[in-house]
Every structure is written in structure tokens, then in C-alpha cells.
Amino acid sequence: MTSSPADRDRPDDPFVEIGDPVLAVADKRRSLVAVAGAHEYDEVKTVGIFRVTDRARCRLLLHSQHPVNAMAFHPALPLLAMGSGGYDGGYYFEGELLLLHLETGTVLSLIEHHIGRQVLGSRPSGSPAA
């Protein structure tokens, strides 16, 4: 996954860079929303981190190698966990569990295996299991 600053001011469509929003999670304490989106006929591989004030403004833009399936903000630290992956149609369930530092934009993969593992869900620490 790559991250880049995205302090772009686009009043007409705040989601133009991510496509159609498919998955969103909010961090009310920091006034942030992470939105995963897809462009027409594409998989959900782009995540935008938006500052929400009087309008959404993209702060960071991330591009994943695998479809994004789950996201969760850390309840106290400036971190966003993102689970991605999919079934390749053969033997592998490829994917990543990524940790984004919201202040630096640094992304760390938490699965060291070269093909990773498919991650389908996440929840903040202290949340009840489903």
C-alpha cells in the first residue's frame, strides 16, 4: 500500500479520488472519516482519510494492492487498521493487515508472509465481538 498527502481542495466532489464510497469508518474524536471506494468496474482499492469540518477534505490517499474489506480506527492512538485481500481463484487467499499512522502517513504491513493473508474484518480494541 502506498500513501500520499492529499490536501486538495475540491468543493464539487470530495470523493473524486476514491470513486464511489463503499466502506466508511469514523473517528469522532479526531473529526476523521476513512472511506474506501472503487471506480466503475474496479475493486475497492483506494482509501481516503478525510477531515470532516463543514465539508469533507481529503488529507491522505492510499492505494492498496488488494481489495479493502475492513477498517477500524484505534480508540486512543492516531492509527487506522485496514484489512485487505481476496481469493485468487486457486490456492491462495492473498491480502494484508495494514496499520496507517494518521500523523505521519506511514503504512506498516503487520503480516510478514510474502503473499499475506486475506483479512475480512476488524474492530476497535475493547469492542464486543460479533
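Only a predicted model underlies this, so the values are computations on that prediction, with no experimental measurement involved.
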Which of Val25, Leu102, Leu80 passes side-chain contact (heavy atoms from CB on, under 4.5 Å) with Leu32? Answer is Leu102
Could I get the full list of side chain to side chain contact (heavy atoms under 4.5 Å, CB included) partners for Ala24, not counting sequence neighbours?
-> Val33, Val35
Identify, with sequence neighbours excluded, every residue that meets side chain to side chain contact (heavy atoms under 4.5 Å, CB included) alongside Leu79.
-> His74, Leu77, Leu99, His101
Spatial distance of atom [atom1] ([X]) from atom [atom2] ([Y]) [nearest 0.5 Å]:
| X | Y | atom1 | atom2 | answer |
| --- | --- | --- | --- | --- |
| Ser84 | Met71 | OG | CE | 11.5 Å |
| Phe50 | Leu61 | CZ | CG | 7.5 Å |
| Leu62 | Thr46 | CG | OG1 | 9.0 Å |
| Glu96 | Asn69 | CD | CG | 11.5 Å |

Using side-chain hydrogen bond (donor to acceptor under 3.5 Å, both in side chains) as the criterion, list what pairs up with Arg51, not counting sequence neighbours.
-> none
Given the rule in the side chain to side chain contact (heavy atoms under 4.5 Å, CB included) test, do Met82 and Ser64 qualify, once you have shown the distances and angles that lead to the verdict?
-> CA-CA 10 Å; Met82 294 170 285; Ser64 176; over 6 Å; no
So the salt bridge (charged side-chain N to carboxylate O under 4.0 Å, His left out) pairs with at least one residue in residues 18-27 (sequence neighbours excluded) are Asp27-Arg30
Give a yes or no answer on whether the side chain of Lys45 reaches the backbone of His66 with a donor-acceptor pair at less than 3.5 Å.
-> no
Do you know which two heavy atoms are closest between Val44 and Ala36, and how far apart they sit?
-> CG1-CB, 3.5 Å
Ala34 and Ile49: which non-hydrogen atoms are nearest, and at how many Å?
-> CB-CD1, 3.7 Å
